[in-house]
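The shown structure was predicted, so the numbers you read here are calculated from the model rather than taken from an experiment.
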Amino acid sequence: MALAVTSSSAISGPISYASSENKAPQIGSFRPVDRSNVSLAAVTFSRRQSVVKPVNAEPKRNDSIVPFAATVAAPEVAEKVEVEDFEELAKDLANASPLEIMDKALAKFGNDIAIAFSGAEDVALIEYARLTGRPFRVFSLDTGRLNPETYQFFDTVEKHYGIRIEYMFPDAVEVQGLVRSKGLFSFYEDGHQECCRVRKVRPLRRALKGLRAWITGQRKDQSPGTRAEVPVVQVDPSFEGLDGGVGSLVKWNPVANVQGLDIWNFLRAMNVPVNSLHSKGYISIGCEPCTRAVLPGQHEREGRWWWEDAKAKECGLHKGNLKQEDGNKNGNGHANGTATVSDLFDTQSLVTLTRTGMENLAKLENRKEPWLVVLYAPWCPFCEAMEGSYVELAEKLAGSGVKVGKFNADGDEKEFAKRELQLGSFPTILFFPKHSSQPIKYTSEKRDVDSLMAFVNALR
């Protein structure tokens with residue numbers, strides 16, 4: 001299966017577009033310029049050879065299926081990126097153009113970075129990537145509930161740029177369990193977080209585990225209360241990358257400082273195709289049941305999850321943007337966030353432990369089987385980042401003689417966990433051996449399945 005890599009070196013001369021494509025209204029003609037004579041904001045475009053070869057960059061084949069970003073090994077992979085102060089880099093690039101930021105991101109991470117494409121005006125990211133002249137990858141989350149127009153737009157974009165989008169899908173068993181237990185529209189009653197976690201967050205986590213960086217279309221003017229401080233580049237606060245552990249994934253937001261109107265002027269000037277829903281009053285586009293057109297003068301995010309609080313309209317893909325009422329971001333010294341945040345590690349393979357259960361477990365000197373327990377807080381982005389790995393581990397250990405559990409150590413249980421369970425920060429993972437009352441703490445920040453399994457196998 002082919003990676004969704006496109007080499008813009010395959011594009012030469014004027015690009016012809018089919019008249020049937022839905023494009024932004026044309027406000028002027030655009031003619032590609034000889035790149036050797038162009039200098040844009042400290043980015044010099046030359047016909048340099050990329051250190052990462054695009055994989056299967058030959059013309060598209062109709063008989064192939066694009067693989068997941070997390071499951072493909074490229075013939076040549078960029079060397080591991082050296083430690084860098086991305087907060088300082090964000091300051092240096094604060095006034096840079098989106099094109100310069102995109103070029104910097106692609107140059108730094110090569111084949112280990114990909115553009116997250118939602119099927120809306122973030123198609124601008126793909127256009128910027130094309131203009132850099134570098135190879136690039138694109139992935140998208142197919143939740144199974146997108147508008148027909150969005151699926152048609154995906155096909156248009158693939159043909160327009162000569163690329164294959166890497167589609168990520170939710171786990172069929174998880175979707176089946178959610179729908180059978182709660183119905184097709186449970187999010188109207190108990191919030192969108194659970195559905196988004198199954199259909200979007202977990203598929204995204206799988207994709208990002210195969211990358212060292214990703215590129216999003218977040219803008220500061222998009223959402224009141226959640227994106228006003230989005231930097232152009234940051235260490236991802238919620239997800240883990242290829243190397244695992246905190247700080248293993250970098251998140252680029254090239255259009256963070258760009259106004260929505262300027263994005264649309266750019267799309268029109270470059271004659272870029274757009275989703276036909278935009279012409280029907282849709283601005284921010286997501287899943288069909290949770291997206292509607294907005295009226296003139298309404299903010300674009302008012303068309304998303306309109307039955308919920310406008311200050312918390314994030315599906316979980318950018319959950320690190322959410323702030324608590326005390327002004328701290330998720331995961332920073334929160335006293336009790338369990339009342340309004342969805343729980344984590346939901347699977348039948350895991351045992352949910354209460355304080356009494358933890359007290360009893362800690363007292364047992366001769367257990368029938370060993371236990372692995374995670375101490376977590378539902379609002380913690382690092383707990384959320386390891387959710388997929390821990391759930392997968394629990395499923396692998398089912399029937400092996402090792403019990404896997406979870407304990408919400410936030411709020412009223414926090415002092416108890418600090419005093420009795422070695423809690424220092426979230427998440428804390430403890431292994432309770434079969435013949436010892438003293439739990440053993442997992443000290444590594446690598447929380448991928450293989451690392452956790454090695455820990456268990458070394459002790460059981």
Hey, is the main chain of [Y] close enough, under 3.5 Å, to the side chain of [X] for a donor-acceptor pair?
| X | Y | value |
| --- | --- | --- |
| Asn408 | Pro378 | no |
| Ser248 | Gly241 | yes |
| Glu158 | Ile165 | yes |
| Thr291 | Gly286 | yes |
| Arg447 | Gly244 | no |

Could you measure the distance from the [atom1] atom of [X] to the [atom2] atom of [Y]? Nearest 0.5 Å is fine.
| X | Y | atom1 | atom2 | result |
| --- | --- | --- | --- | --- |
| Phe266 | Leu99 | CZ | CG | 7.5 Å |
| Thr143 | Phe169 | OG1 | CZ | 10.0 Å |
| Asn257 | Ser97 | CG | OG | 11.0 Å |
| Ser451 | Met386 | OG | CE | 11.0 Å |
| Ile101 | Asn95 | CD1 | CG | 9.5 Å |
| Leu211 | Asn111 | CG | CG | 9.0 Å |

Shortest non-hydrogen contact from [X] toward [Y]:
| X | Y | result |
| --- | --- | --- |
| Leu350 | Ala394 | CG-CB, 3.9 Å |
| Val230 | Lys220 | O-CE, 3.0 Å |
| Glu240 | Gly245 | OE1-N, 3.2 Å |
| Asn253 | Pro231 | ND2-O, 2.8 Å |
| Ala116 | Trp214 | CB-CE3, 3.8 Å |
| Val258 | Pro98 | CG2-CG, 3.5 Å |

Qualifying residue, where the test is side chain to side chain contact (heavy atoms under 4.5 Å, CB included) with Val123 and the options are Leu267, Ile115, Asn275: Leu267
Salt bridge (Lys or Arg N to Asp or Glu O under 4.0 Å) contacts in which one or both residues fall within residues 171-183, not counting sequence neighbours: Glu174-Arg202, Lys182-Asp190, Lys182-Glu194
Do Asp122 and Arg219 sit within salt-bridge range, that is, some charged N less than 4.0 Å from a carboxylate O? no
With a 4.0 Å cut-off, would you call Lys104 and Glu100 a salt bridge? no
Test log, rule side chain to side chain contact (heavy atoms under 4.5 Å, CB included), inputs Glu121 and Ile285: CA-CA 9 Å; Glu121 82 280 3; Ile285 300 174; over 6 Å; no
Start with the C-alpha gap between Met102 and Phe136, add the side-chain angles, then the distance that decides, and say whether side chain to side chain contact (heavy atoms under 4.5 Å, CB included) holds. CA-CA 10 Å; Met102 178 68 74; Phe136 60 92; over 6 Å; no
Flag side-chain contact, heavy atom, 4.5 Å: [X] against [Y]:
| X | Y | answer |
| --- | --- | --- |
| Met168 | Leu204 | no |
| Phe139 | Leu208 | yes |
| Leu393 | Val404 | no |
| Tyr128 | Ile215 | no |
| Glu384 | Arg197 | no |
| Arg130 | Met270 | yes |
| Lys406 | Asp346 | yes |
| Leu146 | Cys287 | yes |

Step by step, work out the salt bridge (charged side-chain N to carboxylate O under 4.0 Å, His left out) result for Glu87 and Lys91. CA-CA 6 Å; Glu87 287 189 9; Lys91 294 178 182 178; 5.8 Å; no
Test of understanding: with salt bridge (Lys or Arg N to Asp or Glu O under 4.0 Å), list the residues that count as partners of Asp448, not counting sequence neighbours.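 For Asp448 there are no salt bridge (Lys or Arg N to Asp or Glu O under 4.0 Å) partners, ignoring immediate neighbours.
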Applying side chain to side chain contact (heavy atoms under 4.5 Å, CB included) to Val138 and Tyr161, what does each step give before you reach the verdict? CA-CA 11 Å; Val138 179; Tyr161 289 101; over 6 Å; no
One pair to check against ring pair (Phe, Tyr, Trp, His ring centres under 6.0 Å): Phe153 and Phe117. What are the steps and the verdict? CA-CA 11 Å; Phe153 182 47; Phe117 177 47; 5.8 Å; yes
Over 60° means perpendicular and under 30° means parallel, so classify the ring planes of Phe154 and Tyr151, tilted if in between. perpendicular
Residues in ring pair (Phe, Tyr, Trp, His ring centres under 6.0 Å) with Phe345, at least two apart? Tyr376, Tyr390
Do Arg134 and Phe109 form a cation-pi contact, if we require the NZ or CZ to be under 6.0 Å from the six-membered ring centre and within 45 degrees of the ring's axis? no
I would like to know whether Glu387 and Val201 meet side chain to side chain contact (heavy atoms under 4.5 Å, CB included); could you show each step before the answer? CA-CA 10 Å; Glu387 181 182 23; Val201 177; 5.6 Å; no
